[in-house]
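Below is one structure, written out as structure tokens; the observations come after it.
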Amino acid sequence: MMVNKKYIHIGIFAAFAFLLVSCTYSYQNKVMADATNLTMVGQYSLASEKHLVQDYPPIDTDLNINVVVEIPAGTNAKWEVDKTSGNLKWDFKKGKPRVVSYLAYVGNYGMVPGTISSKESGGDGDPLDVIVLGPAIPRGSVVKARLIGVLKLLDKGEQDDKLIAVLPDSPLGKVSNLKMLKSEFNGITNIIEVWFSNYKGPGMMVSEGFEDVDQAWKILDAAISAYKRS
């Protein structure tokens, strides 16, 4: 019997939503810095005590990556770090604060400080994007995460890779690479690829597939070097 792929995708997202909700617990008490270090400036900006691009290292002494959470898992408002001020701002599109017109983000979305996806290497000139799997974390938090792989994406011809990481003290925390993620948490990579391939609309994002943790580290190292040269 043929099964409509649309319903397969809906079922996958529903299962992941349940996993996300069931995993949301007191991890928020373990972050390096949380939203209490931010001050609301008007309706659309959060001022940080530290510059969120410049004042945090990309990697800690335990070889975890630092991630600034711009969009908590389960939300749709498109916030991002302003590279000049180092503050968080709600992105505007056509004069209105941007809300992604799709299912909510399937993980905590953010960026790695002290990095640049350089235009010379085909990137967009912004810090590296990363999706952190695990419980929802407040916007503006800076969390330690374990890098496990990368989803290769093209956005209007520009390389728009999404690093994939897990929160060490979460139910996914034992995962160290994509092979392990696929074998022990079946379906999550499918969810990530389907979501990022479609959230901007049909044909806007082109997936080039996943690469494992070694390639993810090469991409990260190149982005750190590009930032140091800038």
Side-chain angles (χ1 to χ4, degrees), residues 9-48 52-53 65-82 86-113 126-145 151 153 155 160 162-167 169-172 185 187-201 204-205:
H9 291 162
I10 291 171
I12 290 173
F13 279 121
F16 189 74
F18 175 79
L19 176 64
L20 180 64
V21 172
S22 66
C23 289
T24 302
Y25 68 123
S26 61
Y27 187 88
Q28 292 156 336
N29 296 326
K30 303 175 185 294
V31 296
M32 286 174 54
D34 61 27
T36 59
N37 293 324
L38 301 173
T39 303
M40 200 77 191
V41 180
Q43 293 180 305
Y44 307 114
S45 181
L46 288 165
S48 174
L52 293 174
V53 179
I65 61 173
N66 287 325
V67 179
V68 179
V69 176
E70 299 166 311
I71 306 171
T75 67
N76 291 68
K78 187 71 169 71
W79 286 65
E80 58 185 21
V81 173
D82 181 81
N87 295 330
L88 271 166
K89 293 185 176 180
W90 199 338
D91 188 32
F92 269 62
K93 187 174 183 179
K94 297 181 180 180
K96 296 181 179 179
R98 185 177 168 195
V99 177
V100 173
S101 299
Y102 198 56
L103 293 174
Y105 276 74
V106 296
N108 299 288
Y109 187 78
M111 64 86 176
V112 182
D126 291 331
L128 277 182
D129 297 324
V130 54
I131 186 85
V132 181
L133 305 176
I137 298 296
R139 177 177 291 110
S141 301
V142 182
V143 297
K144 298 176 183 290
L151 175 61
L153 290 165
D155 182 1
D160 194 17
K162 309 299 181 186
L163 298 180
I164 303 169
V166 296
L167 295 170
D169 295 327
S170 76
L172 301 177
F185 297 93
I188 291 181
T189 53
N190 304 77
I191 293 166
I192 295 169
E193 186 170 27
V194 168
W195 197 91
F196 278 107
S197 297
N198 291 279
Y199 81 109
K200 288 188 177 181
M204 298 296 291
M205 301 288 287

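Please read all numbers here as calculations on a predicted model, not as lab measurements. What's counted below: heavy atoms across the whole structure, side chains too, no hydrogens, waters or symmetry copies.
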With ring centroids as reference points, do Tyr105 and Trp195 lie under 6.0 angstrom apart?
->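 Yes: the rings meet the under 6.0 Å criterion.
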Looking at [atom1] of [X] and [atom2] of [Y], how far apart are the two atoms once the value is rounded to the nearest 0.5 Å?
X      : Y      : atom1 : atom2 : answer
Leu46  : Thr39  : CG    : OG1   : 8.5 Å
Ile131 : Leu151 : CD1   : CG    : 10.0 Å
Glu70  : Glu80  : CD    : CD    : 6.5 Å
Asp82  : Leu88  : CG    : CG    : 9.5 Å
Ile137 : Asn108 : CD1   : CG    : 5.5 Å
Asn66  : Met111 : CG    : CE    : 10.5 Å

Testing the basics here: between [X] and [Y], what is the closest heavy-atom pair and its distance to 0.1 Å?
X     : Y      : value
Tyr44 : Pro97  : CE2-CG, 3.9 Å
Val53 : Pro113 : O-CB, 3.5 Å
Gly86 : Ser48  : O-CB, 4.1 Å

Does the side chain of Tyr109 come under 3.5 Å of the side chain of Lys162 through a donor N or O and an acceptor N or O?
->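 Checked: Tyr109/Lys162 side chains pair up, N/O donor to acceptor below 3.5 Å.
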Criterion side-chain contact (heavy atoms from CB on, under 4.5 Å) on Arg139 and Thr75, from CA distance to verdict | CA-CA 10 Å; Arg139 177 177 291 110; Thr75 67; 4.2 Å; yes
Determine yes or no for a side-chain-to-main-chain donor-acceptor pair under 3.5 angstrom, with Ser197 supplying the side chain and Val194 the backbone.
->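 Between the backbone of Val194 and the side chain of Ser197 there is no qualifying donor-acceptor contact (under 3.5 Å).
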What do the steps show when you test Leu172 against Ile188 for side-chain contact (heavy atoms from CB on, under 4.5 Å), and what is the final call?
-> CA-CA 11 Å; Leu172 301 177; Ile188 291 181; 4.2 Å; yes
Between Asp91 and Lys78, is the closest basic N to carboxylate O distance under 4.0 Å?
->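 So Lys78 does not pair with Asp91 through a salt bridge.
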Give the C-alpha distance, both sets of side-chain angles, the deciding distance and a yes or no for side-chain contact (heavy atoms from CB on, under 4.5 Å) between Trp79 and Val69.
-> CA-CA 9 Å; Trp79 286 65; Val69 176; over 6 Å; no
